[in-house]
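Below is one structure; the comments refer to it alone.
Numbers restart at 1 for each chain; the letters A, B, ... are given by sequence-line order, proteins then strands. Bear in mind the structure is a predicted one, so any value in this text is a computation, not a measurement.
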Amino acid sequence: MITLSSDFGSPYPAAMKGVILDRIDADLVDVSHDLPRGDVRAAAFWLEQVLPWFPPAVHLAVVDPGVGTDRAAVVVRAGEHALVGPDNGSLVPPARTLADDADVEVFEVTGVDPDSATFHGRDVFAPAAADVHAVGVADLHTLDRLRPADSFVDLRFPDPDVDSAGATGEVLVVDDFGNAITNVPGDVLAGRVGESATVNGERVPVRRTFGDVPAGSPLVTVGSHGNVELDVNDGRGADRFGLTAGDAVELGLE
Amino acid sequence: MITLSSDFGSPYPAAMKGVILDRIDADLVDVSHDLPRGDVRAAAFWLEQVLPWFPPAVHLAVVDPGVGTDRAAVVVRAGEHALVGPDNGSLVPPARTLADDADVEVFEVTGVDPDSATFHGRDVFAPAAADVHAVGVADLHTLDRLRPADSFVDLRFPDPDVDSAGATGEVLVVDDFGNAITNVPGDVLAGRVGESATVNGERVPVRRTFGDVPAGSPLVTVGSHGNVELDVNDGRGADRFGLTAGDAVELGLE
Amino acid sequence: MITLSSDFGSPYPAAMKGVILDRIDADLVDVSHDLPRGDVRAAAFWLEQVLPWFPPAVHLAVVDPGVGTDRAAVVVRAGEHALVGPDNGSLVPPARTLADDADVEVFEVTGVDPDSATFHGRDVFAPAAADVHAVGVADLHTLDRLRPADSFVDLRFPDPDVDSAGATGEVLVVDDFGNAITNVPGDVLAGRVGESATVNGERVPVRRTFGDVPAGSPLVTVGSHGNVELDVNDGRGADRFGLTAGDAVELGLE
């Protein structure tokens with residue numbers, strides 16, 4: 001099985017599918033081709049949320065604001081999974097969620113001509129994903145074109161500051177529902193459901209779920225990803241709070 | 001085969017795919033993840049339009065404005081098909097189209113913890129769909145977690161008023177082309193192609209198809225679903241007539 | 001394998017999938033259902049870009065501004081591939097890219113009732129694609145419902161005027177990234193990377209790739225399709241240059 005993720009929209013992902021199916025017989029599963037464009041951190045976040053639900057697979061994932069620069073192409077083995085894409089940090093957080101650090105290895109795809117005007121998703125990453133699938137994740141180190149990477153971009157999500165008075169964090173991503181998902185761990189809200197918190201100074205109810213406030217009303221809750229979310233029932237929390245990815249969030253709990 | 005429908009956009013549907021594929025080997029077919037958000041009636045309409053074209057399958061369909069409330073999770077058996085999703089009425093109209101009423105059974109998924117902050121599509125409905133697929137639709141009553149539902153939300157589309165002077169109905173959904181699809185049956189236009197009708201007082205040509213009026217011109221026609229549609233050739237009928245889902249439509253035929 | 005392309009958005013493509021899967025067991029691969037609406041030339045362009053990457057397959061491709069008119073339904077055999085859709089020119093350029101002219105044959109699907117209010121994607125093209133898949137591309141001429149077409153719409157992309165001073169062409173399509181892709185062949189820029197060109201009178205750097213100009217800056221480059229593109233790094237070239245599909249482009253190289 002090969003999953004496909006990108007920020008390509010349509011129809012560029014289809015060329016990647018064609019390249020893979022022309023080389024091997026594999027089940028293809030679209031994860032998303034509407035990941036936030038060029039947002040490496042959002043890609044890492046979403047891949048980390050979604051890929052662990054899959055059985056062992058090869059995950060082709062291309063969100064690549066550095067296309068045409070000389071960033072490397074990498075294959076990251078994470079236990080029985082492999083991730084294939086650009087070396088920009090997008091693959092490392094999901095790899096660390098898929099497997100223990102000791103079971104994560106990063107390989108560089110060699111022989112990529114940085115001067116050719118190519119579509120790397122189609123011409124570099126899709127063939128590499130097909131090759132990894134063909135040889136099997138356990139044996140991917142036997143592929144001639146892969147060599148252990150000397151270094152790689154090791155993206156880490158920013159750590160929030162948490163104390164008894166609340167937390168200072170930031171919005172990691174805004175999802176399709178308009179929910180502003182922060183980097184603040186959900187346990188800061190433990191025992192506070194039914195009470196209220198302040199979000200950048202504004203008092204907002206803390207609730208278990210959307211349905212616990214009227215339509216159109218804001219709430220602070222914990223999403224299925226385990227992080228604090230700023231939402232509106234039947235509305236867009238990010239718009240309501242005037243927040244976008246990267247914006248600071250001051251969560252007050254006193 | 002398991003078909004997937006939702007209003008989740010991207011990338012949440014992928015987690016449902018992962019959960020299913022981690023449990024069973026099944027062909028997955030995306031129906032749509034862009035159903036009108038939180039619109040139970042539109043979901044019922046579209047599922048009723050699309051699912052009958054499929055061979056017997058398990059249909060996972062999650063449009064769920066009541067997420068986080070205590071609405072039940074249901075499996076609806078409709079002949080050789082099964083639909084899995086929230087008990088909000090979205091599954092019953094397509095079930096009645098897929099099979100005779102006598103061959104429709106509604107089961108409740110038991111053991112769902114309403115207090116856990118879960119993503120029901122991923123944590124409740126996708127596993128249930130996988131279980132139904134694994135045991136087979138004919139034997140789904142043998143699943144321990146299912147029990148016949150005491151009651152369920154029995155959504156019916158509103159009936160239009162039809163007489164010789166015309167019809168009073170409403171817009172059920174606006175499709176991606178901007179066509180306003182009403183609940184008025186197409187036979188009210190029988191024998192009137194080439195004539196005109198009034199739509200909320202405005203006179204509009206009745207035509208067999210888009211191409212029978214100039215680009216940009218409105219028309220009343222019968223869509224492939226068999227209902228009266230308000231359209232614009234090469235344009236958006238809903239915008240032209242100022243109509244959205246739920247709005248009243250007075251169709252005059254004198 | 002059957003690939004599916006359309007401008008239907010959601011959820012109409014699912015009915016085509018159901019019809020096919022109800023008739024035959026085939027792998028379905030979505031190419032795109034968001035092709036520019038009703039733009040036959042854009043459909044031809046994108047199909048030509050994407051389909052040649054696939055192994056031999058049946059390609060169902062429906063971009064059909066003439067729905068409801070009496071344009072024919074066609075099956076185009078191109079070597080070991082077959083394309084199925086409306087006779088409006090959208091299928092011929094990709095067919096010519098998939099195979100030599102001598103190996104391209106156009107068949108008409110007979111027995112289509114032009115007066116029935118049908119959804120041709122679902123009721124004509126999807127069944128035809130399933131039939132072609134079932135009998136095999138090499139034997140599609142044995143299908144009773146197909147007969148060699150007496151004539152067909154032979155769409156050709158417009159030829160640019162190229163001389164030593166530059167080129168006069170037009171924008172063929174704008175892609176999802178906002179890049180304005182022209183009909184001017186990329187070789188006119190050979191040896192000019194690092195220099196500049198004029199685009200409709202404005203001086204713009206000629207660069208190998210996006211990353212060679214600052215974010216927000218325009219550039220002229222050659223896309224992976226081999227044509228001259230007008231782009232903005234981390235922006236939308238079509239908006240920046242005020243261009244849309246069909247607009248004239250004067251490229252000055254002196």
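Rounded to the nearest 0.5 Å, atoms CE (A:Met1) and NZ (B:Lys17) are 11.0 Å apart.
Heavy-atom distances place the side chain of B:Tyr12, and not its backbone, under 4.5 Å from chain A. At a 4.5 Å heavy-atom cutoff, B:Leu28 makes no contact with chain A through either its backbone or its side chain. For B:Arg37, the part lying near chain A is the side chain, with the backbone staying farther off; criterion is any non-hydrogen pair under 4.5 Å. For chain B, the nearby part of A:Val29 is the side chain; its heavy atoms alone come within less than 4.5 Å. In this structure, chain B has no heavy atom under 4.5 Å from any part of A:Asn233.
Evaluation of the salt bridge (charged side-chain N to carboxylate O under 4.0 Å, His left out) rule for A:Glu170 yields A:Arg41 as partners, not counting sequence neighbours. Applying the salt bridge (charged side-chain N to carboxylate O under 4.0 Å, His left out) rule to B:Arg240 yields the partners B:Glu202; only residues at least two apart in sequence or on another chain are considered.
With a 6.0 Å radius and a threshold of 12 heavy atoms from other residues, nucleotides or ligands, A:Asp25 has its CG atom at or below the threshold. Atom CG of B:Asp144 sits in a sparse spot, with 12 or fewer heavy atoms from other residues, nucleotides or ligands closer than 6.0 Å. In this structure, B:Glu80 places its CD atom where only 12 or fewer heavy-atom neighbours from other residues, nucleotides or ligands lie under 6.0 Å away.
The residue among B:Ala126, B:Pro13, B:Ala15, B:Ser10 with the most heavy atom pairs within less than 4.5 Å of chain A is B:Ser10. Of the listed residues A:Leu35, A:Asp234, A:Asp30, the one with more heavy-atom pairs under 4.5 angstrom with chain B than any other is A:Asp30. Taking A:Thr3, A:Leu51, A:Asp175, A:Asp176 one by one and counting their heavy-atom pairs under 4.5 Å with chain B, the maximum is reached by A:Asp176.
Counting all heavy atoms, side chain and backbone alike, B:Asp22 lies closest to A:Phe54 at OD1-C, 4.3 Å. What you find for B:Pro11 and A:Ser32 is that their closest heavy atoms are CB-CB, 3.8 Å.
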